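These values consider heavy atoms only, across backbone and side chains, with no hydrogens, waters or symmetry-generated copies. Lettering follows sequence order; numbering is per chain, from 1. Keep in mind that what you see is a predicted model, and the values were worked out from it rather than measured.
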Amino acid sequence: MSEKRKYKKRYCKYCEAKVDFMDYKEVGALRFSLSERYKIMPRRLTGNCKRHQDMIATVIKRARAAALVPYTVTRKQVVTAPFENLK
Amino acid sequence: MRHYENLVIVKPTFTAEEIQASIKAVEETITSNGGEIAATTSMGMRKLAYPIDKNERGYYHVVYYSVAPAAISEIERRFRINEDLLRFVTIKYDTNREITAWNKLVEKANKAATPAKEEVKEEVEVEVETKVEVEIETEAPVTEAPAEQEA
């Protein structure tokens, strides 16, 4: 009970911006929910709500299919290009 | 009729003319299957996030169209046969929210497609407006003048 909260309270940034639809072609907007290795960030770290997490997950998967975002990043690539080609 | 979007990646080894020809072929496959193309945008030659068939780059082209849902399987079958394409991604816009988003995207694409022409049109419109204003100004005293005379 006396334990303090370690992190500040998380909130959904997409709810705050009132995002209704995400376009998979705007890759720069996906950056927030991607890790350095282009993994989809979990909800517990980003603070996204369930609704927007579902949206971002489908959008990222579409972008991966369209070769806008990589599926995996090898060790070589991770050094050279952290979000370099995402514009 | 349902709203769809197709992203198509054309091989980078082609010349500009060949790319345009293959894009035309893509649009023809859509129209020949009863699709109505609402807008097209070319994202240009981009670096791919990962190599596809040993290609590092690709020419991105996006087509927004509406077509009966039954025709999609045929369109995709044609795309799979087409060897000019590295990859295609078909997106369905079904719910009301998605359809409004589709309309916005189409508007955006149409605006981006004809920026030069639109500017010219706007200028013309502005000129017409100014002319109308001038006419009104010239007319206004004329109408006032007889009124004063009558008074």
Side-chain angles (χ1 to χ4, degrees), chain A residues 12-41 48-87, chain B residues 3-12 26 38-64 76 79-80 85-113:
Chain A
C12 179
K13 287 194 176 177
Y14 298 100
C15 283
E16 200 183 29
K18 292 189 177 172
V19 176
D20 251 359
F21 176 79
M22 299 172 193
D23 190 9
Y24 69 98
K25 295 190 290 299
E26 288 170 19
V27 185
L30 307 178
R31 224 176 117 168
F32 171 71
S33 294
L34 287 169
S35 76
E36 283 178 4
R37 287 189 174 247
Y38 293 96
K39 292 178 175 183
I40 300 172
M41 288 289 275
N48 291 347
C49 69
K50 180 80 175 84
R51 180 166 158 265
H52 283 113
Q53 182 72 14
D54 287 354
M55 280 165 74
I56 200 90
T58 55
V59 166
I60 287 171
K61 285 167 188 173
R62 282 172 183 178
R64 281 175 179 168
L68 296 167
V69 168
Y71 282 98
T72 56
V73 178
T74 59
R75 219 193 269 167
K76 275 182 191 172
Q77 284 169 310
V78 87
V79 179
T80 54
F83 300 110
E84 197 178 80
N85 53 351
L86 297 191
K87 279 173 189 172
Chain B
H3 298 302
Y4 289 95
E5 174 198 334
N6 244 353
L7 180 136
V8 159
I9 307 179
V10 185
K11 274 187 182 175
V26 164
T40 57
T41 48
S42 63
M43 293 162 76
M45 195 69 87
R46 284 175 67 116
K47 203 184 167 214
L48 301 173
Y50 47 88
I52 302 175
D53 299 341
K54 296 178 184 175
N55 290 303
E56 291 289 338
R57 281 138 46 85
Y59 188 89
Y60 281 71
H61 193 79
V62 187
V63 185
Y64 299 97
E76 289 203 328
F79 284 166
R80 243 172 243 126
L85 307 181
L86 290 179
R87 185 65 58 92
F88 64 89
V89 177
T90 312
I91 308 279
K92 176 180 75 176
Y93 289 84
D94 201 11
T95 62
N96 282 336
R97 187 178 294 128
E98 284 169 346
I99 286 168
T100 52
W102 186 85
N103 287 326
K104 273 184 194 172
L105 286 170
V106 166
E107 266 182 34
K108 205 177 157 189
N110 280 329
K111 269 188 187 175

Nearest-0.5 Å distance that lies between atom CG in A/Leu68 and atom CD in A/Glu26:
11.0 Å

Measure distances from B/Phe88 to the heavy atoms of chain A and classify the residue's part below 4.5 Å as side chain, backbone, both or neither.
neither

Which residue out of B/Val89, B/Ile91, B/Thr100 racks up the most heavy-atom pairs below 4.5 Å with chain A?
B/Ile91

Contacting moiety of B/Leu86, where chain A heavy atoms sit under 4.5 Å
neither

So for A/Tyr71, is it side chain, backbone, both, or neither that comes closer than 4.5 Å to the heavy atoms of chain B?
both

Check for me whether the distance between the ring centres of A/Phe21 and B/Tyr93 falls short of 6.0 Å.
yes

Does B/Glu5 pair with A/Lys25 as a salt bridge, N-O distance under 4.0 Å?
yes

Quick check: does any side chain N or O of A/His52 sit under 3.5 Å from a backbone N or O of A/Val19, one acting as donor and the other as acceptor?
yes

Under 4.0 Å between a side-chain nitrogen and a carboxylate oxygen: does that hold for B/Lys111 and B/Glu107?
no

At a heavy-atom separation under 4.5 Å, does B/Val8 approach chain A through its side chain, its backbone, both, or neither?
neither

